[in-house]
K.L.:
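To start, I am sharing the structure in question, which I have written as structure tokens.
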Protein chains: 2
Amino acid sequence: MDSEFAPLTLRALRRVLRATEIGSRQLAAATGLTPSQLLVLREIAAREAATPSAIANALQFSQATITTIVDRLQELGFVHRQRSDRDKRQFILTVESAGQMALAGAPDPVQTTFTARFVRLPQWEQAMILAAVERLAMLMDAQHIDAAPLLDSGLIDRSEPA
Amino acid sequence: MDSEFAPLTLRALRRVLRATEIGSRQLAAATGLTPSQLLVLREIAAREAATPSAIANALQFSQATITTIVDRLQELGFVHRQRSDRDKRQFILTVESAGQMALAGAPDPVQTTFTARFVRLPQWEQAMILAAVERLAMLMDAQHIDAAPLLDSGLIDRSEPA
DNA sequence: AACCAATCCTTCGGCTACCGAAGCATCTGG
DNA sequence: CCAGATGCTTCGGTAGCCGAAGGATTGGTT
């Protein structure tokens with residue numbers, strides 16, 4: 001048997017990736033933001049008291065990169081920079097209302113059509129897809145797995161941490 | 001019920017995307033190639049008689065972008081440019097042996113660990129994930145759907161083509 | 001045959017992404 | 001109060017990415 005599901009899954013996954021990547025670039029063009037700017041904006045919006053280093057860490061960008069992107073978001077009036085009181089080395093980043101509107105008013109087209117189609121699937125299939133994607137996320141997310149082995153028995157091998 | 005599987009799926013999917021994106025950047029650093037160069041190289045390798053415009057179209061890059069990336073791949077000796085006989089405006093791109101080796105010798109770390117973990121899942125789950133991801137690819141790939149409605153009955157809505 | 005529009009690719013100019021290294025301010029442990 | 005660590009920015013550099021313009025080639029028209 002030794003069925004070869006893995007490469008097929010990877011290939012299909014690449015198609016998904018490509019589609020979303022292209023969509024995010026189109027979205028960027030539509031909003032005037034670049035994909036990276038959008039990514040950073042979303043990441044700031046998603047957390048309380050975001051700091052540049054936290055964003056850099058979450059997105060795996062260097063701090064220098066975050067600085068330039070935040071610079072631009074600030075120029076656009078989407079984000080506010082404010083020194084932290086606790087630690088005056090830090091900046092607290094917050095999303096201004098203009099930024100909120102940009103996020104809300106510019107739905108990702110791929111995401112939109114995806115959702116429109118997805119909700120038409122039978123419930124069981126929706127649930128199945130969700131379960132599968134969450135499983136995928138676990139299988140791929142190396143960061144969190146190092147912190148806490150989420151997977152079931154005997155799944156983790158950890159051959160050479162490099 | 002009106003269960004909200006869609007946003008959860010999107011959120012999980014974003015985690016997957018992030019993980020692969022980060023992995024591809026790490027891979028790039030490891031091989032000396034950039035993510036885009038790798039993408040283009042893979043795309044050339046994947047097809048017979050690749051032309052710049054075909055690659056540009058598949059990856060949704062401009063021709064100008066492909067030109068510069070192929071320039072660099074050529075400098076590295078990974079890709080060969082040759083005028084087409086049929087149509088002398090075109091170039092035929094082929095992957096040189098050095099490029100083949102680069103592709104083969106530099107496995108994506110995310111992909112590798114993913115596969116290592118994936119194959120340990122029970123067969124039924126592997127099959128389930130594969131089915132789900134293929135379904136996802138269908139749901140997201142706007143390009144092909146316009147050409148041929150792949151989905152089952154009543155799935156397509158096509159509300160405003162924008 | 002001569003032309004015109006379309007097509008393929010490149011070149012050019014310009015902005016952004018992204019990084020490492022260096023620099024400045026601040027914090028923390030001793 | 002000082003030394004080292006930390007958070008962020010600035011600087012210099014490579015690459016991505018694009019639209020517009022340009023050179024060559026093609027196919028269809030008259």
K.L.:
Rounded to whole Å, how long is the line connecting atom CZ of B:F61 with atom C1' of C:dT10?
P.N.:
18 Å
K.L.:
Provide the closest heavy-atom pair for B:A137 versus A:A12 in the form atom of the first, atom of the second, distance.
P.N.:
CB-O, 4.0 Å
K.L.:
Is any side-chain nitrogen or oxygen of A:T51 closer than 4.0 Å to OP1 or OP2 of D:dG7?
P.N.:
no
K.L.:
Taking the minimum atom-to-atom distance to the side chain of A:R72, which one of C:dT16, D:dT10, C:dC18 wins?
P.N.:
C:dT16
K.L.:
Does A:S53 have a side-chain nitrogen or oxygen under 4.0 Å from the phosphate oxygens OP1 or OP2 of D:dT6?
P.N.:
no
K.L.:
Which one, C:dC9, C:dC19, D:dC17, comes nearest to the side chain of B:T65?
P.N.:
D:dC17
K.L.:
Nearest of D:dG16, D:dG7, C:dT16 to any side-chain atom of A:T34?
P.N.:
C:dT16
K.L.:
For the side chain of A:R83 and the backbone of A:F91, is there at least one donor-acceptor N/O pair under 3.5 Å apart?
P.N.:
no
K.L.:
Figure out the CD/P separation between B:Q63 and D:dA20, and round it to whole Å.
P.N.:
14 Å
K.L.:
What is the minimum heavy-atom distance between B:S24 and B:P35, and which atoms define it?
P.N.:
OG-CB, 3.8 Å
K.L.:
Could you tell me how far apart A:I66 (CD1) and C:dG20 (P) are, to the nearest whole angstrom?
P.N.:
13 Å
K.L.:
Using the rule side-chain contact (heavy atoms from CB on, under 4.5 Å), only one of B:M140, B:M138, B:E134 pairs with A:V16; which is it?
P.N.:
B:M140
K.L.:
Just the rounded figure in Å: distance from P of C:dC18 to CD of A:Q60.
P.N.:
13 Å
K.L.:
When all nucleic acid strands are considered with a 4.0 Å heavy-atom cut-off, which category describes A:I69: base, sugar-phosphate, or nothing?
P.N.:
sugar-phosphate
K.L.:
Judged by atom type as modelled, is there a donor-acceptor pair below 3.5 Å linking the side chain of B:R120 to the main-chain atoms of B:A116?
P.N.:
yes
K.L.:
Let's see if you can work this out: which of D:dT9, D:dC18, C:dG20 has an atom nearest to the side-chain heavy atoms of A:S62?
P.N.:
C:dG20
K.L.:
Check whether any side-chain N or O of B:Q126 sits under 3.5 Å from a backbone N or O of B:V119 as a donor-acceptor pair, and report yes or no.
P.N.:
yes
K.L.:
Between C:dT16 atom P and A:R25 atom CZ, what is the distance in whole Å?
P.N.:
17 Å
K.L.:
Expressed as a whole number of angstroms, how long is the span from A:I55:CD1 to C:dC18:P?
P.N.:
14 Å
K.L.:
Starting from P on C:dC15, measure out to CG on A:D71 and report it in whole angstrom.
P.N.:
16 Å
K.L.:
Decide whether B:T65 and B:S62 meet the rule of one side-chain donor and one side-chain acceptor closer than 3.5 Å.
P.N.:
yes
K.L.:
Return the value, rounded to whole Å, for the distance between atom CG of B:L33 and atom P of C:dC18.
P.N.:
18 Å
K.L.:
If you take any heavy atom closer than 4.0 Å to DNA chain C, which residues from residues 80-91 of chain B end up in contact?
P.N.:
B:R81, B:R89, B:Q90, B:F91
K.L.:
Looking at D:dC17, D:dT10, C:dA17, which one has an atom nearest to any side-chain atom of A:T67?
P.N.:
D:dT10
